[in-house]
Protein chains: 2
Amino acid sequence: MTRQSIAVMVSGRGTNLAAILEAANKGHCPVDVRVVISNKVDAPALQIARDAGVDTILFIDPKKYPNRSSYDQACVEVIQKHACHWVVLAGYMRILSSLFVSHFEHRLINIHPALLPSFAGADGVGDALSYGVKFSGCTVHLVSEQVDEGAILAQAVVPVMNDDTVESLHQRIHQKEYELYPETLRCLVEKGFRLDGRRVIWNS
Amino acid sequence: MTRQSIAVMVSGRGTNLAAILEAANKGHCPVDVRVVISNKVDAPALQIARDAGVDTILFIDPKKYPNRSSYDQACVEVIQKHACHWVVLAGYMRILSSLFVSHFEHRLINIHPALLPSFAGADGVGDALSYGVKFSGCTVHLVSEQVDEGAILAQAVVPVMNDDTVESLHQRIHQKEYELYPETLRCLVEKGFRLDGRRVIWNS
């Protein structure tokens, strides 16, 4: 199976980027991380990309662009230039323009630390904990115009314990993310899917 | 451990009632189903109650009461007379009055065929399927004034398959319900819980 090239967009620690790089390196995930783009100059994710020997690592400074669309257009051009088939958001803390989302329709994915559609938004872990659910998890989904609303590619479940704090629950969910995100990329490359309404039906 | 008396309210097939009766009979669930109330004269659940030898089996006819509160008051009186500690809704398809809900605060429970807070409402299974989640399940919760909104006592998870129909998914969820509902009753009787906000923390 040929590897497919991906771009990963980051703003922070880059732990999901690290998990994808490691899975690819071990042969568990047939992708080639060709581009890493950060909107934050000091994102630790940039160092992770350097350590892994990613070819193209860019901090693209939002301050240098007059608006969201022009910034996103610059990102699109980098991703296109390097012929990345998939665009993977990994802790990218910036709202995407319609231009960007529609350009990469069905090729742009994100991960959210809750079982969507429950607990969309910025504090999926804290919201789940205070609501009192007994299970939470993480969701890999196609990115659509509305936040955390795109078709669901994959989910994984974790229990919520009596004595959980936001930190302990987040930690448990993160561990699942590090398995689920590379595994979902593997399915995207090796199987592909079709949409039935908003249901993602994986090819066998 | 002493058994606690429960009342079960039904409108339909009574499969959850049957599961509770069976678990109680086998000693897995320390409850005594003392009262079964139906708002439907032809609910198959009534026959299940008869076959199991439940003492007090009542069809209470909504048409004979001028309003919801007077109907619910009649139900409260039956349940009180038989000293039932828990009131268990098992496919009871009638909206409860505030009178009823507040009377049995923290002693009134229901089960919903989805992982609440996702897919509350009348078609939890169909809504989950068409949304495209990869896991669904069932939720036992305290009943509050708003439908499917009370504090969560227990949940169980099932996968959603590529080829699921509403029927096949419902069947898988039902099987979990038949385990989860008696098991939750067992915990209520044997352990008890406290509320931290809306989180249910089981006593150990």
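Here is how names work: the chains are called A, B, and so on, in the same order as the sequence lines, proteins then strands, and each is numbered from 1.
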Between A/Val200 and B/Lys134, is any pair of side-chain heavy atoms under 4.5 Å apart?
yes

Counting only heavy atoms closer than 4.5 Å, note whether A/Ala128 contacts chain B via side chain, backbone, both or neither.
neither

Can you say whether A/Leu129 sits under 4.5 Å from chain B via the side chain, the backbone, both, or neither, judging by heavy atoms?
both

Option in B/Ile152, B/Val160, B/Asn162 with maximal non-hydrogen atom pairs under 4.5 Å from chain A
B/Asn162

Heavy-atom pairs under 4.5 Å with chain A are the metric here; pick the option from B/Ser118, B/Ala151, B/Ser204, B/Pro159 that has the most.
B/Ser118

So, the part of A/Asp164 with a heavy atom under 4.5 Å from chain B: the answer is both

Select one option (side chain, backbone, both, neither) describing which atoms of A/Ala154 are under 4.5 Å from chain B's heavy atoms.
backbone

If you draw the axis of the six-membered ring of B/Tyr131, does the NZ or CZ of A/Arg199 fall within 45° of it and under 6.0 Å from the ring centre?
no

Looking at side-chain heavy atoms only, is the closest gap between B/Val133 and A/Leu115 below 4.5 Å?
no

Look at B/Leu195, B/Leu153, B/Asp196, B/Asp163 and state which one has the largest set of heavy-atom pairs under 4.5 Å with chain A.
B/Leu153

